[in-house]
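The block underneath contains the structure these notes are about, expressed in structure tokens.
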Amino acid sequence: MRSVFGLVLVVGLALAGFAVYMVKDYFEQQQMMVAAERAAAAQNVPTVDVVAIKEGVLYGQTLTPEDVVMIRYAEPYLPEGVFRSFEDLFGDEPDQQRIVLRPMEALEPVLSAKVTEPGGNAGITSLLKPGMRAFAIRVDVASGVSGFLRPGDRVDVYWTGRAALGGGSLGTSEVTKLIQSGIAIVAVDQNTDNTRNQAIVARTITVEASPQQVAALAQAQATGSLSLSLVGTFDTVVADAVEVDQATLLGIEEQVAEAAPEPEPEEKICTIRTRKGADVVEIVIPCSDG
């Protein structure tokens, strides 16, 4: 009987020790999990609600409340011009809808630069920066870079016409000159959509220019022909002054005509005539300065 009691006691003590070990291990695991959660929470970036596109939208599309959704966005990395609520985006009047100015993809935050003001339109005036003007340039397949121009591209503008040489004293000559560099295109014909991929030969392009540049372009277009040169998307080099005339193109050096030497004054000879009978005799005499 005593042996049975002793065996039960030993087994009980073993089970109690195992239970204590299991509880201790459980608490250690819980403490490790809590510490890991706290470390992860310390590394989390705070987020805020912003308005985003529910599905992709295209240029010229009318933006409605059904087209947008609220998403969480990292607060330290918020882009400029985001909308924090539907009221900020659409205003108090639901009829004053916004028009998409640039294509946006699904879950992309809506930015003020990519939509018009409430009730606005997607015309050229909404694309012009403050102080800038729109100016139309006539183009064809040659001057318009074979139809590869799109809104948003930048071009250099060259003028070709007759220019006076030497202030007009040496006549005129055909000259091609760079008159504007890096002018932005806002429309091709009547189209401001910059997502168009196919090449279309345009009849006019509309550029964004300052009033001074508009005056220069208008004068150049009225007195000669304009040609465009497409600037690369990532090209930040500003073109230097460029001017080429026929002599430069053909490698002809300008020759300055030498002045003809002045003729030496002829020696003055004074004579008198006298008659001797039937003959007339001419006699040289000293000349009088008077």
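All heavy atoms count here, side chains included; hydrogens, waters and symmetry mates do not.
A distance of 5.5 Å separates CG in L178 from CG in D156, rounded to the nearest 0.5 Å. Rounded to the nearest 0.5 Å, atoms OG (S112) and CZ (R98) are 8.0 Å apart. We find the OG1-CZ distance between T204 and F135 to be 11.0 Å, quoted to the nearest 0.5 Å. Between atom CG of residue L63 and atom CG of residue L89 there is a gap of 5.5 Å, rounded to the nearest 0.5 Å. Interatomic distance, R138 CZ to L226 CG, rounded to the nearest 0.5 Å: 8.0 Å. To the nearest 0.5 Å, atoms CD (Q221) and CD1 (I179) are separated by 9.0 Å.
Between V82 and V110, the closest side-chain pair of non-hydrogen atoms is not below 4.5 Å. Looking at M104 and V115, their side chains come closer than 4.5 Å, going by heavy atoms from C-beta outward. At a threshold of 4.5 Å between non-hydrogen side-chain atoms, the residues V51 and P109 do not count as touching. L217 has its side chain within reach of V157: a pair of non-hydrogen atoms, C-beta onward, lies under 4.5 Å apart. The shortest distance between side-chain heavy atoms of F90 and P118 does not fall below 4.5 Å. Between E243 and V175, the closest side-chain pair of non-hydrogen atoms falls below 4.5 Å.
Applying the side chain to side chain donor-acceptor pair (under 3.5 Å) test to K177 and every residue at least two apart in sequence or in another chain returns nothing. When the salt bridge (charged side-chain N to carboxylate O under 4.0 Å, His left out) test is applied to D88, no partner is found at least two apart in sequence or on another chain.
Taking every heavy atom of both residues into account, P76 and P46 meet most closely at CD-O, 3.7 Å. Here the closest non-hydrogen pair linking Y73 and P79 is CE2-CD, 3.7 Å. Scanning both residues, P151 and V188, for their nearest heavy atoms gives CD-CG2, 3.8 Å. Residue A134 comes nearest to L128 through the heavy atom pair N-CD1, 3.9 Å, listed as atom of the first residue, atom of the second, then distance. Taking every heavy atom of both residues into account, S227 and S143 meet most closely at CA-CB, 4.1 Å.
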**Request:** Start with the C-alpha gap between T223 and W159, add the side-chain angles, then the distance that decides, and say whether side chain to side chain contact (heavy atoms under 4.5 Å, CB included) holds.
**Result:** CA-CA 9 Å; T223 57; W159 173 82; 3.5 Å; yes
**Request:** Could you please spell out the steps behind the side chain to side chain contact (heavy atoms under 4.5 Å, CB included) verdict for F86 and V68?
**Result:** CA-CA 8 Å; F86 291 146; V68 295; 3.4 Å; yes
**Request:** Show your working on salt bridge (Lys or Arg N to Asp or Glu O under 4.0 Å) between E66 and K54 and close with a plain yes or no.
**Result:** CA-CA 8 Å; E66 289 73 24; K54 184 182 297 184; over 6 Å; no
**From CA spacing to verdict: side chain to side chain contact (heavy atoms under 4.5 Å, CB included), K114, L101** = CA-CA 5 Å; K114 296 187 176 183; L101 296 176; 5.5 Å; no
**Request:** Go through I137 and V207 one step at a time and tell me if the side chain to side chain contact (heavy atoms under 4.5 Å, CB included) criterion holds.
**Result:** CA-CA 8 Å; I137 299 176; V207 298; 4.2 Å; yes
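Shown are R133, M132, Q219; of these, the side-chain contact (heavy atoms from CB on, under 4.5 Å) with V214 is made only by R133.
Following chains of ILVMFWY side-chain contacts shorter than 4.5 Å, one cannot reach L149 starting from V231, and the two form parts of different hydrophobic clusters.
Within the structure, side chain to side chain donor-acceptor pair (under 3.5 Å) contacts touching residues 206-217 (residues at least two apart or in different chains) are K129-E208, Q180-Q213, S210-Q213.
In this structure a side-chain-to-backbone donor-acceptor pair under 3.5 Å is missing from R203 to V139. Between the side chain of Q31 and the backbone N or O of E28 there is no donor-acceptor pair closer than 3.5 Å. In this structure a side-chain-to-backbone donor-acceptor pair under 3.5 Å is missing from D153 to A184.
A donor-acceptor pair shorter than 3.5 Å can be found between the side chains of T160 and T176.
Atom CZ of R72 is surrounded by more than 12 heavy atoms from other residues, nucleotides or ligands within 6.0 Å. At most 12 non-hydrogen atoms from other residues, nucleotides or ligands lie less than 6.0 angstrom from CD of E55.
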